[in-house]
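Index from 1, following the sequence.
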Amino acid sequence: MRLKPPMTMMDFFRKSEGKWFTQRTVHHFDNAADESGESNLIVQVIEKDNPKVQTVCDLQKIDPSQAMGGASFMWQINLDDREPSSKYAAILIDVPDDETKLSGKLIRDQGYVESIPVVSRYWFGKDGILTIDTNYQNNQGQERCWFITDDFRVRVSTVRMMNGVNLMTYCSERRCVSREMLEQMIETNRARAMAVQ
């Protein structure tokens with residue numbers, strides 16, 4: 001079955017909800033320390049009536065009635081069983097430009113490159129690739145993300161400083177299967193094997 005890519009930010013958030021295993025390759029152009037590695041990304045959808053929508057919109061003086069909802073993002077070291085730290089978390093709120101919802105603003109309580117509240121611009125291409133541009137105080141970031149399958153997606157990003165591109169990142173992300181889903185898959189395969197005998 002052919003993948004139908006999400007074409008609105010809220011559809012993108014809903015398709016992204018869950019826990020993802022991320023393999024990250026980082027290339028610094030200024031010979032800084034290598035930040036490549038493995039981590040987990042946890043995404044939870046935030047509906048428009050959630051108080052967090054109001055809080056984040058207030059940070060940027062944006063009318064929360066324009067928001068469609070959002071998502072919380074939390075990062076943790078792979079195989080870390082502790083609760084994710086709020087130090088490695090962000091909330092993104094979707095404020096579309098118009099009824100098509102193909103483009104708009106992402107209101108963040110803190111950015112990826114600089115830990116400050118920030119407003120990003122996003123748009124979806126006809127191919128379903130999401131592009132997010134963010135202007136920080138000292139940097140400019142661009143991230144592109146798309147789904148290869150329902151359970152595998154790719155992210156690429158660049159960070160530009162005044163003197164040019166500073167780093168590029170490539171992430172492949174695979175959805176983690178919960179214990180309940182894994183047990184259900186085992187039972188389904190067991191029943192399939194019994195039916196063949």
Side-chain angles (χ1 to χ4, degrees), residues 5-22 24 35 39-78 80-124 128-147 153 155-161 167 169 171 173 175-176 178:
M7 297 298 286
T8 71
M9 187 55 73
M10 288 308 297
D11 285 346
F12 189 88
F13 287 156
R14 288 189 176 95
K15 195 171 190 67
S16 300
E17 191 165 33
K19 187 173 184 178
W20 297 80
F21 169 65
T22 301
R24 180 180 64 258
E35 297 173 358
S39 59
N40 295 331
L41 169 64
I42 302 157
V43 182
Q44 294 178 318
V45 171
I46 297 171
E47 298 301 338
K48 66 187 304 179
D49 58 354
N50 189 304
K52 291 177 183 176
V53 172
Q54 170 98 39
T55 301
V56 177
C57 286
D58 286 350
L59 287 172
Q60 295 291 349
K61 299 180 174 46
I62 290 177
D63 180 1
S65 68
Q66 297 176 3
M68 300 305 296
S72 70
F73 290 75
M74 292 178 282
W75 295 266
Q76 67 179 165
I77 297 170
N78 183 244
D80 188 347
D81 290 334
R82 294 173 295 176
E83 283 295 310
S85 168
S86 59
K87 182 180 173 185
Y88 304 106
I91 295 173
L92 282 67
I93 304 300
D94 174 30
V95 180
D97 287 334
D98 54 36
E99 302 78 36
T100 68
K101 301 175 188 166
L102 291 171
S103 64
K105 294 189 282 283
L106 274 180
I107 315 304
R108 304 182 193 203
D109 66 336
Q110 64 176 357
Y112 294 130
V113 178
E114 297 176 23
S115 295
I116 56 172
V118 69
V119 177
S120 303
R121 292 285 314 157
Y122 75 83
W123 66 92
F124 287 88
I129 294 177
L130 167 64
T131 301
I132 302 170
D133 281 340
T134 308
N135 290 316
Y136 296 95
Q137 290 176 345
N138 302 308
N139 304 287
Q140 184 181 53
Q142 183 177 82
E143 180 174 81
R144 305 189 84 204
C145 186
W146 64 96
F147 284 85
R153 65 183 209 168
R155 286 190 295 127
V156 293
S157 62
T158 58
V159 175
R160 293 183 214 93
M161 302 185 78
L167 69 85
T169 305
C171 296
E173 297 180 322
R175 191 185 303 276
C176 297
S178 68

Q. Do you know the tightest heavy-atom contact between Cys57 and Pro64?
A. SG-CA, 3.8 Å

Q) How are the rings of Trp75 and Phe73 set to each other: parallel, tilted or perpendicular (split at 30° and 60°)? A) parallel

Q.
Working to the nearest 0.5 angstrom, can you tell me the gap between Gln142 CD and Thr134 OG1?
A. 9.5 Å

Q) Given side chains that start at C-beta, do those of Met7 and Leu102 come closer than 4.5 Å, heavy atoms only? A) yes

Q) Taking side chain as C-beta onward, heavy atoms only, is Leu130 less than 4.5 Å from Phe147? A) no

Q: Would you indicate whether the side-chain heavy atoms of Phe13 and Leu92 approach each other to under 4.5 Å?
A: yes

Q | side chain to side chain contact (heavy atoms under 4.5 Å, CB included) evaluation trace for Ile107 with Gln66 | A | CA-CA 11 Å; Ile107 315 304; Gln66 297 176 3; over 6 Å; no

**Q.** Atom NZ of Lys15: over 12 foreign heavy atoms under 6.0 Å
**A.** yes

Q.
salt bridge (Lys or Arg N to Asp or Glu O under 4.0 Å) for Glu47 and Lys52? Distances and angles first, verdict last.
A. CA-CA 9 Å; Glu47 298 301 338; Lys52 291 177 183 176; over 6 Å; no

Q) For Ser120 and Arg108, which heavy atoms make the closest approach, and how far apart are they? A) OG-NE, 3.2 Å

(Q) Under the criterion side chain to side chain contact (heavy atoms under 4.5 Å, CB included), I'd like the reasoning laid out for Lys101 against Met68: C-alpha separation, chi angles, the key distance, then a yes or no. (A) CA-CA 10 Å; Lys101 301 175 188 166; Met68 300 305 296; 3.6 Å; yes

(Q) With rounding to the nearest 0.5 angstrom, report the CD to OG1 distance, Gln140 to Thr158. (A) 8.0 Å

Q.
Nearest 0.5 Å, please: how far is CD in Gln137 from CG in Asn135?
A. 11.5 Å

Q: List the atom of Ile62, the atom of Lys105, and the distance in Å for their closest heavy-atom pair.
A: CD1-CE, 4.3 Å

Q) Could you state the interatomic distance from CD1 (Ile132) to OH (Tyr122), rounded to the nearest 0.5 Å? A) 9.5 Å

Q.
Closer than 3.5 angstrom, by distance alone: can the side chain of Asn139 be matched with the main-chain N or O of Val159 as a donor-acceptor pair?
A. no

**Q.** Spacing of Leu106 atom CG and Asp94 atom CG [to the nearest 0.5 Å]
**A.** 6.5 Å

Q) Quick one: does Pro5's side chain get under 4.5 Å of Phe124's, heavy atoms only? A) no

Q) Any idea which heavy atoms bring Val43 and Ser16 closest together, and the distance? A) CB-O, 3.4 Å

**Q.** Taking every non-hydrogen atom, the tightest pair across Ile46 and Ser72
**A.** CD1-N, 3.7 Å

Q | Closest non-hydrogen atom pair between Gln60 and Val118, with its separation | A | NE2-N, 3.2 Å

Q. Heavy-atom distance under 4.5 Å between the side chains of Arg155 and Arg144, does that happen here?
A. no

Q: Measure the CG-CG distance between Asp58 and Asp109 for me, rounded to the nearest 0.5 Å.
A: 12.5 Å

Q) Passes side chain to side chain contact (heavy atoms under 4.5 Å, CB included), Met74 versus Gln44? Steps please. A) CA-CA 9 Å; Met74 292 178 282; Gln44 294 178 318; 3.9 Å; yes

Q.
Using side-chain heavy atoms (C-beta onward) and a distance below 4.5 Å, is Ile93 in contact with Ile91?
A. yes

Q.
Would Phe21 and Asn40 count as a side chain to side chain contact (heavy atoms under 4.5 Å, CB included) here? Give the steps.
A. CA-CA 5 Å; Phe21 169 65; Asn40 295 331; 4.1 Å; yes

(Q) Taking the basic N atoms (NZ, or NE/NH1/NH2) and the acidic carboxylate oxygens, is any pair closer than 4.0 Å for Glu17 and Arg175? (A) no

Q) Does a side-chain heavy-atom distance below 4.5 Å link Pro96 with Thr8? A) no

(Q) I'd like to know if the side chain of Arg24 pairs up with that of Thr169 as donor and acceptor (distance under 3.5 Å, no hydrogens or angles considered). (A) no

